[in-house]
Colleague: 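Attaching a single structure in structure tokens format; questions to follow.
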Amino acid sequence: MPELPEVETIRMGLKEQAVNLKVLKIDIYNQKSFQGNPQNFFNLTIKDIFRRGKMLGIEFENDRVLVIHLKMSGQLIFVPSKIKKNRSTIYNLKRYEALFHKQIRVIITFDNGSKLYFNDQRKFGWIREFPSLQKAIDDIFGNLGPEPLEDNFSFDDFRRSLQKRGKTAIKVALMDQHLIVGIGNIYSSEALFLARINPVKKIEQLSQSEIKKLFDSMRKVLLMGIAQKGASRSHFVNERGEKGNFLNVAKVYNREGKPCFTCGNLIENIILNGRSSFYCSRCQM
DNA sequence: CACTTGACCTGTCCGC
DNA sequence: TGCGGACAGGTCAAGT
């Protein structure tokens with residue numbers, strides 16, 4: 001499911017609720033979903049929740065780390081020990097477990113009775129243990145591109161990143177996590193629409209001003225995604241089980257055959273790198 | 001080097 | 001109602 005805005009939405013919500021909780025046990029219902037030794041986390045307290053690209057990290061007091069990748073259908077749902085009744089929140093644990101039992105892969109139970117559920121219909125996602133943050137950086141974070149929303153990420157960084165791949169279609173490059181992290185199929189389409197750039201255009205064909213426009217558009221749609229609490233096409237929910245609203249404001253994604261909001265032309269869908277790519281052929285040249 | 005395809009999985013939706 | 005195929009916020013590896 002999730003791209004940067006979805007993972008960031010979960011990170012913020014989880015950070016509020018899970019920091020300082022102590023692990024009582026970790027139950028694993030699908031072996032491939034948890035890579036590591038669950039015993040190693042007994043009695044450890046959560047120190048921080050962080051994000052790197054589309055991955056989420058849980059940092060414990062002894063510096064041990066759990067890294068989580070939700071891939072296409074992963075969900076992380078936090079159910080507090082004492083739950084206020086709220087229509088949009090999952091408040092009945094038994095009902096919740098009955099409803100989602102087929103998709104629950106891992107449950108982390110904390111010593112105050114609250115639980116963190118890792119659900120994953122397609123089983124592509126994973127939770128992986130690292131003895132330290134440094135080890136996670138060495139093994140999986142190190143060869144990722146820069147964070148597009150960091151203050152120190154400049155237009156020059158962006159331009160240099162892209163120019164390594166002149167022959168590549170811009171949409172494919174935007175989604176390449178080695179060049180820049182966090183952008184997937186939804187936000188790449190939206191950023192290119194805002195920048196009025198055709199998704200198949202090669203990087204070497206882009207003008208300086210187009211790259212600048214794309215730099216701004218990319219950050220704008222990611223921030224919009226966070227403001228809308230993510231995009232929920234099918235699976236995405238935040239840590240409280242609530243859907244995001246980004247697709248209500250999306251301009252092209254999943255709008256094939258519908259009129260472009262700018263020019264009225266019908267939105268088209270082409271397959272690029274095996275992925276649906278939505279765009280307006282009149283606005284995006 | 002750049003692009004395509006298949007693999008990993010389960011579930012839903014649509015047309016016949 | 002059933003059956004088959006297409007498709008789904010991601011990423012790898014292998015083949016062309």
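Labels below follow one simple rule: chain letters A, B, ... track the order of the sequence lines, proteins then strands, and each chain is numbered from 1.
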Colleague: Rounded to whole Å, how long is the line connecting atom CD1 of A/Ile140 with atom C1' of C/dG10?
Modeller: 14 Å
Colleague: For A/Lys202 and A/Arg105, find the nucleotide of DNA chain B closest to each by heavy atoms; which residue's nucleotide sits nearer the 5' end?
Modeller: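 Going by which nucleotide is closer to the 5' end, it is A/Lys202.
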Colleague: Do other residues, nucleotides or ligands put more than 12 heavy atoms under 6.0 Å from the CE atom of A/Met224?
Modeller: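 Open.
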Colleague: Let me know the distance between CG of A/Leu56 and C1' of C/dG10, rounded to the nearest Å.
Modeller: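 Nearest whole value for this atom pair: 16 Å.
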Colleague: Ion pair present between A/Asp216 and A/Lys212, side-chain N to carboxylate O less than 4.0 angstrom?
Modeller: yes
Colleague: Tell me, which of residues 26-36 of chain A have any heavy atom that sits under 4.0 Å from an atom in DNA chain B?
Modeller: A/Lys32
Colleague: Where does DNA chain C form stems of at least three consecutive Watson-Crick or G-U wobble pairs, each pair having both distances below 3.5 Å?
Modeller: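 Stems found: B:2-8 with C:10-16, B:10-16 with C:2-8.
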Colleague: Rounded to the nearest angstrom, tell me the gap between atom CZ in A/Phe278 and atom P in C/dC7.
Modeller: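 Value for this atom pair: 10 Å.
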Colleague: Could you list the residues that satisfy side chain to side chain donor-acceptor pair (under 3.5 Å) with A/Lys135, not counting sequence neighbours?
Modeller: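 Result, side chain to side chain donor-acceptor pair (under 3.5 Å) vs A/Lys135: A/Asp139.
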Colleague: For A/Phe41, what residues pass the ring pair (Phe, Tyr, Trp, His ring centres under 6.0 Å) criterion, not counting sequence neighbours?
Modeller: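 For A/Phe41, the residues satisfying ring pair (Phe, Tyr, Trp, His ring centres under 6.0 Å) (neighbours in sequence not counted) are A/Phe60.
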Colleague: Establish, with yes or no, whether the OP1 or OP2 oxygen of C/dA8 is under 4.0 angstrom from a side-chain nitrogen or oxygen of A/Ser276.
Modeller: yes
Colleague: Hey, quick one: are A/Val65 and A/Met55 part of the same hydrophobic cluster, counting side-chain heavy atoms closer than 4.5 Å, chains of contacts allowed?
Modeller: yes
Colleague: In chain order, what residues pass the side chain to side chain contact (heavy atoms under 4.5 Å, CB included) check against A/Asn43, with sequence neighbours excluded?
Modeller: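 Only A/Lys22 meet the side chain to side chain contact (heavy atoms under 4.5 Å, CB included) criterion with A/Asn43.
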Colleague: Taking any atom closer than 4.0 angstrom to a non-hydrogen atom of chain A, what span of DNA chain B does the protein reach, first nucleotide to last?
Modeller: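 So the outermost contacting nucleotides come out as B/dA2 to B/dG11.
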Colleague: Would you say the side-chain atoms of A/Asn40 and A/Glu129 include a donor-acceptor pair closer than 3.5 Å?
Modeller: yes
Colleague: Is A/Glu6 salt-bridged to A/Lys54, going by a charged N under 4.0 Å from an acidic O?
Modeller: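 No, A/Glu6 and A/Lys54 are not salt-bridged.
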Colleague: Provide the distance between the two C1' atoms, one in C/dC3 and one in B/dC8, to the nearest whole Å.
Modeller: 24 Å
Colleague: Quick test of your reading of the model: are A/Glu204 and A/Lys167 salt-bridged, counting only N-O distances below 4.0 Å?
Modeller: yes
Colleague: When every nucleotide of nucleotides 11-16 of chain C is labelled 5' to 3' by its protein contacts under 4.0 Å (heavy atoms), B for base, S for sugar-phosphate only, - for none, what sequence of letters results?
Modeller: B-----
Colleague: NA contact type, A/Ser232, heavy-atom cut-off 4.0 Å: base, sugar-phosphate, or nothing?
Modeller: base
Colleague: Apply ring pair (Phe, Tyr, Trp, His ring centres under 6.0 Å) to A/Phe118 and list each qualifying residue two or more places apart in sequence or on a separate chain.
Modeller: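 For A/Phe118, no residue satisfies ring pair (Phe, Tyr, Trp, His ring centres under 6.0 Å) once neighbours in sequence are set aside.
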Colleague: Quick one: which residue pairs count as a ring-ring contact (aromatic ring centres under 6.0 Å, His included) with a foot in residues 137-181 of chain A, not counting sequence neighbours?
Modeller: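 Checked against ring-ring contact (aromatic ring centres under 6.0 Å, His included) - neighbours excluded - the pairs reaching residues 137-181 of chain A are A/Phe153-A/Phe215, A/Phe155-A/Phe215, A/Phe158-A/Phe215.
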Colleague: Verify whether one side chain among A/Arg233 and A/Tyr253 offers a donor that lies under 3.5 Å from an acceptor in the other.
Modeller: yes
Colleague: What contact category does A/Tyr187 fall into here, base, sugar-phosphate, or nothing, at under 4.0 angstrom with non-hydrogen atoms?
Modeller: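 A/Tyr187: no heavy atom of the nucleic acid under 4.0 Å.
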Colleague: Heavy atoms under 4.0 Å, any strand shown: does A/Thr168 hit a base, just sugar-phosphate, or nothing?
Modeller: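 Sugar-phosphate: the residue A/Thr168, judged by heavy atoms under 4.0 Å, touches backbone atoms but no base.
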Colleague: Provide, to the nearest angstrom, the distance between the CG atom belonging to A/Asn254 and the P atom belonging to C/dC7.
Modeller: 13 Å
Colleague: Taking only distance into account, with no hydrogens and no angle test, what donor-acceptor pairs under 3.5 Å do side-chain atoms of residues 274-285 of chain A form with protein atoms, sequence neighbours excluded?
Modeller:
unit_1, atom_1, unit_2, atom_2, d
A/Ser277, OG, A/Lys171, NZ, 2.9
A/Ser277, OG, A/Arg275, O, 3.2
A/Ser281, OG, A/Glu268, OE2, 2.6
A/Arg282, NH2, A/Asn265, OD1, 3.1
A/Gln284, OE1, A/Cys280, N, 2.8
A/Gln284, NE2, A/Leu192, O, 3.3
A/Gln284, NE2, A/Ile197, O, 2.9

Colleague: Checking A/Gln177 now: which residues fulfil side chain to side chain donor-acceptor pair (under 3.5 Å) with it, not counting sequence neighbours?
Modeller: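 Once residues adjacent in sequence are excluded, A/Gln177 has no partner under the side chain to side chain donor-acceptor pair (under 3.5 Å) criterion.
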Colleague: For the pair made of CG in A/Leu272 and P in C/dG10, what is the distance, rounded to whole Å?
Modeller: 13 Å
Colleague: So what does A/Lys164 touch, heavy atoms closer than 4.0 Å: a base, only the sugar-phosphate, or nothing?
Modeller: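 If one applies the 4.0 Å heavy-atom cut-off, A/Lys164 turns out to touch nothing in the nucleic acid.
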Colleague: Sticking with atom P, work out how far C/dC7 lies from B/dT4, rounded to a whole angstrom.
Modeller: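 Taking atom P in both C/dC7 and B/dT4, they lie 16 Å apart.
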Colleague: Using the P atom as the point on both nucleotides, what is the distance between C/dT11 and B/dG11, in whole Å?
Modeller: 22 Å
Colleague: Between C/dG5 and B/dG6, how far is it from one P atom to the other, in whole Å?
Modeller: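 Approximately 14 Å lies between the P atom of C/dG5 and that of B/dG6.
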Colleague: Who pairs with A/Gln17 by side chain to side chain contact (heavy atoms under 4.5 Å, CB included), at least two apart in sequence or on another chain?
Modeller: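 For A/Gln17, the residues satisfying side chain to side chain contact (heavy atoms under 4.5 Å, CB included) (neighbours in sequence not counted) are A/Phe78, A/Pro80, A/Glu239, A/Arg240.
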Colleague: Send over the distance from A/Arg233 CZ to C/dA8 C1', rounded to a whole Å.
Modeller: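 In whole Å, C/dA8 C1' lies 6 Å from A/Arg233 CZ.
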Colleague: Between atom CD in A/Glu256 and atom C1' in C/dA8, what is the gap in whole Å?
Modeller: 14 Å
Colleague: Contact class for A/Asn273 (heavy atom, under 4.0 Å): base, sugar-phosphate, or nothing?
Modeller: base
